[in-house]
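Here is the structure we will look at, set down as structure tokens.
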Amino acid sequence: MFHMLSLRLVFFLASANVGSVATTAISGNGAMAGTHTIRLHKETMPLHRDGGFVHHKSAYYGQISIGTPTPQTFSVVFDTGSGHLIVPSVMCKTQTCKQHRRYKRRSSETAVDIDVDGTRVERGQPRDQLSVSFGTGEVSGVYIHDYVCLEKSEEQEPLAATDAAGSLLGTSMVQGGKKMPSSNMIGTSMLQANIVTKFISENPGEDNEQGCLYMRFITAVSMTDDPFEKLAFDGIMGLGLNSLSQAPPFNLIETGGQEGAWHGEDYRLKMFGIFLAVSELEHSELTLGGYKQEHMAAGEQVSWCDAKQPDLGHWQIAVKSITAAGQRLSFCDDGTCRAVVDSGTSLLGVPSEFGYELIDILRHNATEGECTGNLPSLEIELENFNVVLGPSDIGRPEFVPGVDEPEVKDEQQHPACIPMLMFMDLPLPYSPKTIILGEPVLQKYYTTFDALVPRVGFATARHVKPKRLAWVS
């Protein structure tokens with residue numbers, strides 16, 4: 001999901017780079033001590049048919065609970081392109097809202113109605129509201145402060161993995177622009193290892209359980225049918241930079257370590273890692289407060305790229321060059337190319353004009369009727385790391401509807417393969433040469449996000465079984 005301080009639904013993809021992390025205690029499963037890991041579940045939904053094949057979108061969601069004494073459970077997409085936790089409210093009466101679990105504010109003893117600045121709102125008083133747009137849809141909501149718990153992942157058995165990686169297909173949601181509340185309220189560093197600060201909670205005198213914190217969030221009182229009626233998950237948990245949120249207390253990464261949801265050295269309290277599985281033999285995971293060494297290929301270290309324009313709130317990094325099928329393209333020669341790393345996007349997003357050029361260059365004959373293997377490749381050179389995607393990561397068969405239907409195709413004739421791309425042209429202040437790096441990159445590379453610097457780090461992911469095909473018919 002791509003969030004610009006409103007909410008919009010867009011389609012994005014991810015990138016990579018070089019660097020290392022200070023030495024710290026590592027637990028038996030390869031995680032840094034004090035981290036909190038959430039298991040992510042994948043939802044795949046058909047979009048439309050093209051030449052006899054069905055395009056899909058995918059989303060990765062986990063479980064959270066809100067309120068006390070009886071927790072209210074919700075499924076939420078953990079999205080680096082958004083800056084807030086948003087769940088439907090019981091006050092939303094539309095059929096779309098009723099299809100999802102809705103938050104009952106009066107059922108929680110710890111819930112507080114607030115304005116955007118955290119001021120308590122008494123019953124019957126006017127209050128701030130927020131409208132956020134998601135592409136073709138929109139959400140309107142009010143602000144709440146309550147106790148939120150993140151489901152803890154069951155530990156997996158140690159992986160007997162190969163050092164190869166793969167990818168899959170899907171879509172993305174993007175938080176686009178946020179309209180200011182009705183009351184007119186507006187709202188490069190050196191790493192230091194082995195320093196631990198005792199933070200004062202927003203709720204003094206209370207010790208939060210591991211994975212739990214008091215935080216501000218938004219409850220939706222209205223949601224448009226498109227696209228929310230088609231989504232199986234209930235809400236969104238934003239993992240964007242602090243500037244993508246209305247205020248720091250709305251931002252999970254900014255407040256989680258301070259509130260005791262996870263703990264450890266100061267340098268990694270605002271760090272998290274995302275691992276996306278490529279087979280049923282492994283689980284997708286989000287690790288907060290650090291990362292898991294076990295998800296990185298043998299001998300790999302995290303490679304870091306500094307975030308650009310962090311004031312925009314997105315995990316945006318510089319792209320130095322792009323090479324397709326061994327041919328270095330002139331597209332990035334002017335130095336303005338950027339990449340947004342987005343966990344809420346399931347395809348590689350590129351500017352439309354450039355996308356047609358990539359398809360022409362990367363078109364090739366299938367191998368025994370399949371789009372698989374490593375060549376021809378698309379290489380994205382970042383500041384300190386190269387992202388390399390082959391047909392097994394982003395390839396799909398090319399068919400001409402009415403002429404090239406698979407059911408009438410000569411079995412001896414191998415179809416052509418083309419890259420799966422999402423054409424998107426971002427408005428200012430984003431560079432017109434911005435690409436979105438989403439699911440294919442996050443599957444192939446274990447990706448770590450560090451909001452302290454800020455920066456994004458990559459290492460080749462360690463999978464139990466390598467991804468062979470990107471296209472699933």
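In this chain, residues are counted from 1 in sequence order.
Considering K444, E282, Q443 in turn, E282 is the only one that fulfils the side chain to side chain donor-acceptor pair (under 3.5 Å) rule with H463. With D128 as the partner, the side-chain contact (heavy atoms from CB on, under 4.5 Å) test is satisfied by one option alone out of I114, T119, D115: D115.
Donor-acceptor pairing under 3.5 Å is recorded for the side chains of S108 and T110. T73 and S65 share no side-chain donor-acceptor pair at under 3.5 Å. E138 and T224 share no donor-acceptor pair across their side chains, judged by distance under 3.5 Å alone. No side-chain N or O of H84 forms a donor-acceptor pair with one of Q246 less than 3.5 Å apart. The closest side-chain donor-acceptor pair between S131 and S140 falls under 3.5 angstrom.
The pair K292-E285 meets the salt-bridge criterion, with a side-chain N (NZ, NE, NH1 or NH2) lying under 4.0 Å from an Asp/Glu carboxylate O. Ion pair D113/R105 flagged as a salt bridge, since at least one NZ, NE, NH1 or NH2 atom sits closer than 4.0 Å to an Asp/Glu carboxylate oxygen. Ionic pairing of E383 and R455 is not present here: no N-O contact between side-chain nitrogen and carboxylate oxygen is shorter than 4.0 angstrom. Using a 4.0 Å cut-off between charged side-chain N and carboxylate O, D234 and R101 make a salt bridge.
Of the inter-residue distances, the one linking Q210 atom CD with C149 atom SG reads 10.5 Å to the nearest 0.5 angstrom. The distance from the CZ atom of F423 to the CG atom of L347 is 11.0 Å, given to the nearest 0.5 Å. A distance of 7.0 Å separates CZ of R462 from CD of E294, quoted to the nearest 0.5 Å. Here I253 contributes atom CD1 and M271 contributes atom CE; the two are 11.0 Å apart, rounded to the nearest 0.5 Å.
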Would you check, one step at a time, whether the test side-chain contact (heavy atoms from CB on, under 4.5 Å) holds for D306 with V453? CA-CA 7 Å; D306 289 341; V453 177; 4.0 Å; yes
Set out, in order, the CA-CA distance, both residues' side-chain angles and the distance that settles side-chain contact (heavy atoms from CB on, under 4.5 Å) for F78 and L286, then state yes or no. CA-CA 8 Å; F78 288 87; L286 165 66; 3.5 Å; yes
One pair to check against salt bridge (charged side-chain N to carboxylate O under 4.0 Å, His left out): R39 and E151. What are the steps and the verdict? CA-CA 8 Å; R39 180 174 175 179; E151 179 187 60; over 6 Å; no
Full working for side-chain hydrogen bond (donor to acceptor under 3.5 Å, both in side chains) between T287 and T37: CA-CA 4 Å; T287 298; T37 296; 3.1 Å; yes
Evaluate the side-chain contact (heavy atoms from CB on, under 4.5 Å) criterion for residues V112 and I144: first the C-alpha distance (whole Å), next the side-chain angles of each, then the deciding distance (0.1 Å), finally the verdict. CA-CA 6 Å; V112 179; I144 299 288; over 6 Å; no
How far apart are the C-alpha atoms of Y61 and V77, what are their side-chain angles, what is the distance that settles it, and do they pass the side-chain contact (heavy atoms from CB on, under 4.5 Å) test? CA-CA 4 Å; Y61 65 92; V77 170; 4.2 Å; yes
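Using a 4.5 Å cut-off on side-chain heavy atoms (C-beta onward), L85 and I218 make no contact. Annotation: side chain of R102 is not in contact with side chain of T219 (no heavy-atom distance under 4.5 Å). Between Y60 and S343, the closest side-chain pair of non-hydrogen atoms is not below 4.5 Å. A heavy-atom distance below 4.5 Å is found between the side chains of Y445 and V388.
When atom types are taken as modelled, the side chain of E259 and the backbone of G256 share no donor-acceptor pair closer than 3.5 angstrom. Looking only at distances, no side-chain donor or acceptor of H145 sits under 3.5 Å from a matching main-chain atom of G118. Counting only distance, with no hydrogens or angles, the side chain of T434 and the backbone of S431 share a donor-acceptor pair below 3.5 Å. R338 places no side-chain N or O within donor-acceptor distance of the main-chain N or O of K308, the cut-off being under 3.5 Å. With T80 contributing its side chain and V341 its backbone, the two residues share a donor-acceptor pair below 3.5 Å. For D342 (side chain) and G81 (main-chain N/O), a donor-acceptor pair under 3.5 Å exists by modelled atom type. A donor-acceptor distance shorter than 3.5 angstrom exists from the side chain of H100 to the backbone of F228, with no hydrogens or angles considered. For E254 (side chain) and F250 (main-chain N/O), no donor-acceptor pair under 3.5 Å exists by modelled atom type. Of the possible polar contacts, one joining the S243 side chain to the P310 backbone as a donor-acceptor pair under 3.5 Å is found.
Using cut-offs of 30° and 60° for the angle between ring planes, the F74 and Y103 rings count as tilted. Ring geometry for Y446 versus H295: interplanar angle of 30 to 60°, hence tilted. Between F272 and W315, the ring-plane angle classifies as perpendicular under the 30° and 60° cut-offs.
For E280, the CD atom sits in a loose shell: 12 or fewer heavy atoms of surrounding residues, nucleotides or ligands are nearer than 6.0 Å.
Evaluation of the side chain to side chain donor-acceptor pair (under 3.5 Å) rule for N251 yields S245 as partners, not counting sequence neighbours.
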